[in-house]
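What follows is one structure encoded as structure tokens, with my remarks underneath.
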Amino acid sequence: MNTKFLSILMSSVVAAGLTLSSVAASAETKLLKFAHDNKTDPFENPAHACAAVFNNIVESETNGSIKTEVFPSNQLGNAREHVQMVRDNVIQATLASTGALASYYPRIDVLNLPFAFDSNASTYRVFDGPFGEAFAGDIEGVLGDVKVLGFPDTGGFFAVTNSKRPINTLDDFKGIRIRTMTVPAHQAVIQSLGGEAYPLAWGEVYTGLQTGVIDGQMNPIPIISFWKMFEVQKYMTLTNHLFSPYTFVISKTFWDSLSQHEQNVVRKAAESCVAASRGLSRIIEASDRGISGLADKIEITALSAEDRTRFKEASQPAVIELIAESGDTKAVELLELFRAEVEKANNEPYLQ
């Protein structure tokens with residue numbers, strides 16, 4: 001055979017081999033699109049702190065077999081639409097708020113038992129323990145097309161802001177129109193305290209406060225600070241009445257496509273994501289973006305122990321009754337487990 005021809009033939013075979021190798025490598029790379037409704041700044045909000053840590057671990061520890069892309073600030077739709085897109089595997093992951101998940105999973109109201117937790121550490125114990133495991137399993141069973149990877153922090157306990165007057169007692173709450181998510185338990189809580197619940201989309205809240213359509217709203221302190229609620233609100237009460245974590249959901253179709261090693265990495269990355277969201281939330285609360293930074297911009301009060309007890313006695317039965325009257329025996333069972341685990345967590349240290 002002609003030496004020159006043989007050389008050309010061998011070069012062609014090598015080139016073809018390299019091309020096939022590139023195609024195979026490309027085919028093996030899995031794309032994980034992660035959408036959320038906050039800005040892309042891991043130092044500003046718990047959601048992106050979670051996403052940034054998760055993405056970094058996934059890409060590095062799978063050696064690039066999973067490539068991640070983040071879509072912040074509702075670039076692909078709102079939070080509720082993100083959940084549906086995960087279910088359809090259009091995107092592969094999102095952090096679903098209780099409001100975003102409620103229409104797909106009404107039992108989310110189990111989490112909205114007011115004045116349940118005594119500390120942040122208690123929330124960690126509950127969502128990292130038997131209740132969190134049971135709750136995640138139930139979400140997966142009801143939806144059928146998602147995998148739950150954990151419950152990241154949205155910013156901590158809820159505070160209430162308003163433009164009418166300081167809220168220190170139940171009487172102070174009367175007649176104040178408070179924005180809630182479209183979650184029945186949130187509405188029941190506000191109404192049981194004497195306020196007027198006004199469900200409103202998140203994108204309309206600031207304008208609603210500005211124009212007086214609503215008098216107040218409730219959210220964790222980092223969100224109140226980040227969205228500059230002090231510009232349109234005069235008073236903030238540290239009620240600590242609700243703790244509503246994100247639910248970190250990933251497409252089951254995508255999850256099932258991963259190797260065992262990739263699943264282990266994703267699970268570990270999710271655990272670090274949860275830890276990052278909690279850490280940043282506590283840092284923001286203690287920084288000039290938290291209570292100390294808000295102190296000269298809005299009048300801040302905290303409930304006395306006695307008034308907190310009165311608020312709890314007025315509001316908890318409303319949510320318990322709401323769930324009991326739903327006729328959903330599984331929801332009642334989950335609520336009983338939640339209450340038992342919360343009581344245990346409140347009475348035992350998180351770290352032993």
Side-chain angles (χ1 to χ4, degrees), residues 78-88 94-117 122-123 125-152 154 157-158 178-193 195 197-202 218 241-252 311-346:
N78 61 37
R80 183 182 180 280
E81 291 166 338
H82 290 163
V83 175
Q84 187 60 54
M85 284 188 277
V86 169
R87 301 187 70 185
D88 295 335
T94 192
L95 302 177
S97 66
T98 53
L101 200 56
S103 59
Y104 303 101
Y105 182 72
R107 290 173 190 158
I108 199 76
D109 257 344
V110 167
L111 304 186
N112 293 315
L113 186 69
F115 300 96
F117 294 102
S122 295
T123 70
R125 190 181 186 104
V126 169
F127 287 101
D128 293 346
F131 172 77
E133 184 178 352
F135 197 60
D138 194 59
I139 294 170
E140 292 171 359
V142 171
L143 271 64
D145 42 24
V146 302
K147 179 75 177 173
V148 176
L149 296 179
F151 300 95
T154 57
F157 289 116
F158 278 41
I178 302 290
R179 177 264 175 179
T180 69
M181 299 180 193
T182 53
V183 177
H186 283 196
Q187 297 163 45
V189 169
I190 295 301
Q191 290 163 351
S192 68
L193 295 174
Y198 194 93
L200 191 66
W202 175 243
M218 55 183 190
H241 63 294
L242 289 174
F243 178 83
S244 295
Y246 290 118
T247 301
F248 188 169
V249 291
I250 190 169
S251 160
K252 188 174 186 300
F311 276 50
K312 180 177 180 177
E313 290 172 347
S315 59
Q316 273 202 6
V319 174
I320 294 169
E321 182 180 357
L322 179 74
I323 293 172
E325 290 181 348
S326 70
D328 186 339
T329 55
K330 183 61 179 180
V332 172
E333 178 187 320
L334 284 169
L335 179 61
E336 289 174 354
L337 177 60
F338 180 71
R339 295 178 71 185
E341 290 299 309
V342 167
E343 183 178 4
K344 187 188 302 182
N346 285 341

Run the side-chain contact (heavy atoms from CB on, under 4.5 Å) test on Lys147 and Val249 for me, step by step, so that the C-alpha distance in whole Å, both residues' side-chain angles and the decisive distance to 0.1 Å come before the verdict.
CA-CA 6 Å; Lys147 179 75 177 173; Val249 291; over 6 Å; no
Report yes if the side chains of [X] and [Y] come closer than 4.5 Å at any heavy-atom pair, otherwise no.
{"X": "Leu95", "Y": "Phe151", "value": "no"}
{"X": "Val342", "Y": "Thr123", "value": "no"}
{"X": "His186", "Y": "Ile190", "value": "no"}

So, [X] side chain and [Y] main chain: donor-acceptor pair closer than 3.5 Å or not?
{"X": "Glu81", "Y": "Asn78", "value": "yes"}
{"X": "Asp145", "Y": "Val86", "value": "no"}
{"X": "Glu140", "Y": "Val148", "value": "yes"}
{"X": "Thr154", "Y": "Ser244", "value": "yes"}
{"X": "Thr94", "Y": "Ala96", "value": "no"}

Do the side chains of Lys344 and Glu341 get close enough for a salt bridge, i.e. N-O under 4.0 angstrom?
yes
Quiz question: by atom type and distance under 3.5 Å, do the side chains of Arg87 and Ser251 form a donor-acceptor pair?
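Checked: Arg87/Ser251 side chains show no N/O donor-acceptor pair below 3.5 Å.
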For [X] versus [Y], what's the shortest heavy-atom pair and its separation?
{"X": "Asn112", "Y": "Val183", "result": "ND2-CG1, 3.3 Å"}
{"X": "Lys252", "Y": "Gly144", "result": "CD-O, 3.7 Å"}
{"X": "Val319", "Y": "Ala185", "result": "CG2-O, 4.1 Å"}
{"X": "Leu193", "Y": "Phe311", "result": "CD2-O, 3.7 Å"}
{"X": "Asp138", "Y": "Lys330", "result": "OD1-CE, 3.5 Å"}
{"X": "Leu242", "Y": "Pro114", "result": "CD2-CA, 4.0 Å"}

Is the distance between the ring centroids of Phe127 and Phe248 under 6.0 Å?
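Phe127 vs Phe248: aromatic centres not under 6.0 Å.
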Given ring-ring contact (aromatic ring centres under 6.0 Å, His included), test Phe243 with Phe115 step by step and report yes or no.
CA-CA 9 Å; Phe243 178 83; Phe115 300 96; over 10 Å; no
Below 30° counts as parallel, above 60° as perpendicular, anything between as tilted: where do the rings of Phe158 and His241 land?
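It falls in the perpendicular class, over 60°.
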Over 60° means perpendicular and under 30° means parallel, so classify the ring planes of Phe117 and Phe157, tilted if in between.
tilted
Distance under 6.0 Å and angle within 45° of ring axis: Arg339 vs Phe131:
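Cation-pi check for Arg339 and Phe131: fails.
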Between Tyr198 and Thr180, is a side-chain contact (heavy atoms from CB on, under 4.5 Å) present by the stated rule, with each step listed?
CA-CA 6 Å; Tyr198 194 93; Thr180 69; over 6 Å; no
